[in-house]
Undergrad: 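Next up is a structure, given as structure tokens.
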Amino acid sequence: MSIGLARLREEPDRIRQGAIDKGEDPTIVDQALVLEGKRRTLLGESDRLKAERNAASKKIGEAIRAGAAPNGPEVADLKRASTDAGTQIEKLDADLAATESALEELLLRIPNPADPDVPVGDASANKVVRTWGELLPREATTDGQAWTRRPHWDVAEALHMFDLERGAKITGSGWPVYTGPGSRLQRALIDFMLDVHTEEHGMTEIWPPAVVNSASARGTGQIPDKEDQMYVVPRDDLYLVPTAEVPVTNLHRDEIFEADQLPIRYAAYSPCFRREAGAAGKDTRGILRVHQFDKVEMVFFEKPEASTEALEWLTGRAEVILQRLGLAYRVLLMATGDLGFVQAKKYDLEVWAPGVERWLEVSSCSNFRDYQARRMAIRYRPEAGAKPELVHTLNGSGLALARTVAAILETYQQPDGNLAVPEALQPYMHTARVTP
RNA sequence: GGAGAGGUCGCCUAGUGGCCUAGGGCGCCGCACUGGAAAUGCGGUAUGGGGCAACCCAUCGAGGGUUCAAAUCCCUCCCUCUCCGCCA
């Protein structure tokens with residue numbers, strides 16, 4: 001389940017409105033309420049009968065210990081009472097199981113309501129909350145000489161940094177091979193990002209499995225919601241991760257934290273695999289949309305009262321990376337219609353790519369509030385001895401590599417065709433310039 | 001992959017069909033004793049669900065089965081450890 005039953009009963013109106021704002025069917029909320037009522041009725045009746053059966057069994061035990069024959073007439077009535085209750089319980093429980101699975105089905109279709117400060121509407125209601133850096137034009141002038149910034153695939157080809165054709169030969173279209181300085185750049189970016197997040201931002205580094213089981217895929221909602229987007233290994237019931245969010249969030253599935261353990265903040269590198277089903281023909285050139293890319297992901301577990309502030313901080317940590325790399329970007333507050341099913345609030349970071357003259361999404365920072373935590377039963381104890389409560393989970397890219405690489409190539413290309421290495425990466429690249 | 005041993009409450013452990021409503025120890029919390037503490041004693045200490053409440057139901061790795069009754073017996077699966085094989 002995703003929306004909590006208690007919340008469903010307590011504030012159905014807010015949940016209904018949340019569904020409307022996200023363009024989902026609000027009548028599911030009412031259907032769920034009906035089933036929830038039925039569930040409680042059945043459960044009460046079943047529990048009552050189970051108590052009866054337990055009492056009868058206990059009496060049989062006592063009678064036998066007192067000397068009655070186990071198969072004698074003295075216990076026959078008790079056995080019959082117990083068996084009769086058992087028959088009814090079986091029926092009730094079958095009905096209950098059907099009701100619960102129907103209810104769960106409905107709950108999975110009720111979206112997480114957006115935060116009150118999220119603009120309502122479709123993508124056109126997204127708000128640019130800030131822009132950083134200089135937006136370089138494609139048609140440039142350097143030292144009085146006019147020149148044209150090329151798209152990243154041209155820069156990469158000239159400098160032998162990645163090879164899309166050979167990637168297509170060994171795997172398929174959308175599986176880039178990074179070569180020479182391109183490969184080095186991958187390593188440099190991963191190292192740089194992890195260093196900043198761990199050493200300066202205090203996050204704990206995680207190097208997770210790139211493949212997860214179905215329970216983990218279910219935990220973060222990849223199945224059933226986004227099953228089409230994942231590569232599957234059916235023989236072993238395993239899934240290639242589309243983001244480190246999946247393994248890292250599942251680190252603490254079914255766990256209960258003490259209050260002083262929170263917040264827990266991770267930074268994790270992983271390769272990311274996405275089928276991009278339905279995106280055929282989009283962004284076919286270069287590395288803007290590929291089946292395998294690399295990403296450093298931030299995953300936070302927070303106390304509920306801290307999560308609103310944590311999202312701002314998380315987003316800021318992703319911005320730090322772009323600023324250090326000297327890449328111009330903007331921050332978008334996504335409107336309800338552009339939010340996913342599970343996010344309460346989301347900022348997208350888009351980097352400016354002057355060669356293709358486009359904004360490229362390189363990070364998506366979200367607060368899930370307790371929605372994901374409920375699915376995974378990740379809780380904490382507000383104080384010693386108190387009842388566990390759900391934590392809030394957040395995550396955001398910090399950053400996705402392929403598009404960041406594209407922005408670097410297009411931003412830092414020089415009129416002579418060489419590539420200047422951003423200062424922050426020079427210690428990792430061991431050079432200030434990439435030449436053919 | 002083969003053989004064996006295991007999986008019980010935060011941790012360790014008892015438990016081989018009914019006095020298990022899961023016992024004991026450690027740890028933790030409260031109280032008593034103390035000038036304060038240690039030691040000691042007493043009590044409490046899982047999760048989910050239902051009920052205004054007393055309380056009830058479920059859960060002993062997971063799922064099924066046998067039985068009036070399963071931590072305990074049977075079946076399937078998962079995981080951990082030891083040895084062997086293979087291997088970066």
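A, B, ... follow the sequence lines: proteins, then strands. Residue 1 opens every chain.
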Undergrad: State the pairing partner of rC83(B); accept Watson-Crick or G-U wobble contacts with both distances under 3.5 Å, and report none otherwise.
TA: rG2(B)
Undergrad: Looking only at side-chain N and O atoms, does H392(A) offer a donor or acceptor that is under 3.5 Å from a partner on Y380(A)?
TA: no
Undergrad: According to the Watson-Crick and G-U wobble definitions, with both distances under 3.5 Å, which nucleotide is paired to rA88(B)?
TA: none
Undergrad: rA69(B) C1' sits how many Å from I89(A) CD1, rounded?
TA: 12 Å
Undergrad: Would D294(A) and Q186(A) count as a side chain to side chain donor-acceptor pair (under 3.5 Å) if you check the C-alpha gap in whole Å, the side-chain angles of each, and the deciding distance to 0.1 Å?
TA: CA-CA 8 Å; D294(A) 301 272; Q186(A) 293 288 115; 2.9 Å; yes
Undergrad: Which parts of residues 32-43 of chain A get close to RNA chain B, meaning a heavy atom less than 4.0 angstrom away?
TA: R39(A), R40(A), L43(A)
Undergrad: Between P on rU47(B) and OH on Y380(A), what's the gap in Å once rounded to a whole number?
TA: 15 Å
Undergrad: Take atom C1' in rA22(B) and the same atom in rC79(B), then report the distance between them in whole Å.
TA: 23 Å
Undergrad: How many whole angstroms separate atom CZ of R253(A) from atom P of rC78(B)?
TA: 16 Å
Undergrad: Got a donor-acceptor contact below 3.5 angstrom from the R274(A) side chain to the P242(A) backbone?
TA: yes
Undergrad: Within the 4.0 Å heavy-atom criterion, would you say K59(A) contacts the bases, only the backbone, or no part of the nucleic acid?
TA: nothing
Undergrad: P atom, rC60(B) versus rU21(B): distance in rounded Å?
TA: 14 Å
Undergrad: If each of A386(A) and G44(A) is mapped to the nucleotide of RNA chain B with the nearest heavy atom, which maps nearer the 5' terminus, i.e. the 5' end?
TA: A386(A)
Undergrad: State, to 0.1 Å, how close P209(A) and V241(A) come at their nearest heavy-atom pair, and which atoms those are.
TA: O-CG1, 4.1 Å
Undergrad: Take the protein atom CG of L238(A) and the nucleotide atom P of rC79(B), then report the distance between them rounded to whole Å.
TA: 10 Å
Undergrad: Return yes when atom CD of E305(A) has more than 12 non-hydrogen atoms of other residues, nucleotides or ligands closer than 6.0 Å, and no otherwise.
TA: yes
Undergrad: Identify the nucleotide, in any strand shown, that forms a Watson-Crick or G-U wobble pair with rC11(B), with both distances under 3.5 Å; if there is none, say none.
TA: rG25(B)
Undergrad: Quote, to the nearest angstrom, the C1' distance that separates rG23(B) from rU45(B).
TA: 16 Å
Undergrad: Using every non-hydrogen atom in the two residues, find where L314(A) and C365(A) come nearest and quote the distance to one decimal.
TA: CD2-CB, 4.1 Å
Undergrad: How close or far is atom P of rG10(B) from atom CD of E255(A), stated in whole angstroms?
TA: 12 Å
Undergrad: Taking only side-chain nitrogens and oxygens of R381(A), does any of them come within less than 4.0 Å of OP1 or OP2 of rU45(B)?
TA: no
Undergrad: Y231(A) vs F273(A) aromatic rings, parallel, tilted or perpendicular, using cut-offs 30° and 60°?
TA: perpendicular
Undergrad: For rC9(B) and rU59(B), measure between their C1' atoms and round to the nearest Å.
TA: 12 Å
Undergrad: Is there a Watson-Crick or G-U wobble partner for rU76(B) with both distances under 3.5 Å, and which nucleotide is it?
TA: rA62(B)
Undergrad: How close or far is atom P of rA46(B) from atom CD of E258(A), stated in whole angstroms?
TA: 13 Å
Undergrad: Before you tell me yes or no, could you show the steps for R379(A) and E389(A) under salt bridge (Lys or Arg N to Asp or Glu O under 4.0 Å), namely the whole-Å CA-CA distance, both residues' side-chain angles and the distance that decides it to 0.1 Å?
TA: CA-CA 5 Å; R379(A) 293 154 292 171; E389(A) 284 178 24; over 6 Å; no
Undergrad: May I have the distance from E383(A) (atom CD) to rG30(B) (atom P), rounded to whole angstrom?
TA: 13 Å
Undergrad: Could you give the distance separating rU72(B) and rG63(B) at their P atoms, to the nearest angstrom?
TA: 13 Å
Undergrad: Who is the Watson-Crick or G-U wobble partner of rU40(B), with both distances under 3.5 Å?
TA: rA32(B)
Undergrad: Could you tell me which nucleotide pairs with rG18(B) by Watson-Crick or G-U wobble geometry, both distances under 3.5 Å, or answer none if nothing does?
TA: rC68(B)
Undergrad: To the nearest angstrom, how far is L390(A) atom CG from rU47(B) atom P?
TA: 13 Å
Undergrad: Does OP1 or OP2 of rC20(B) have a side-chain N or O of K58(A) closer than 4.0 Å?
TA: no
Undergrad: Taking only the P atom of each, what is the distance from rG18(B) to rC74(B) in whole angstrom?
TA: 15 Å
Undergrad: With rounding to the nearest 0.5 Å, note down the distance linking CD1 in I190(A) to OH in Y269(A).
TA: 4.0 Å
Undergrad: Before giving the answer on side chain to side chain donor-acceptor pair (under 3.5 Å), spell out for Q88(A) and D84(A) the whole-Å C-alpha distance, their side-chain angles and the decisive distance to 0.1 Å.
TA: CA-CA 7 Å; Q88(A) 288 186 67; D84(A) 287 352; over 6 Å; no
Undergrad: Go along nucleotides 56-68 of chain B 5' to 3' and tag each nucleotide: B for a protein heavy atom under 4.0 Å from its base, S when only backbone or sugar atoms are that close, - otherwise.
TA: SSS---------B
Undergrad: Please give the distance between the C1' atoms of rU16(B) and rC87(B) as a whole number of Å.
TA: 42 Å
Undergrad: If I pick the P atom on rG25(B) and the same atom on rG41(B), what distance separates them, to the nearest angstrom?
TA: 10 Å
Undergrad: Does rG48(B) have a Watson-Crick or wobble partner in any strand here, with both distances under 3.5 angstrom, and which is it?
TA: rC57(B)
Undergrad: Is the ring pair F257(A)/H252(A) parallel, tilted or perpendicular, if the boundaries are 30 and 60 degrees?
TA: perpendicular
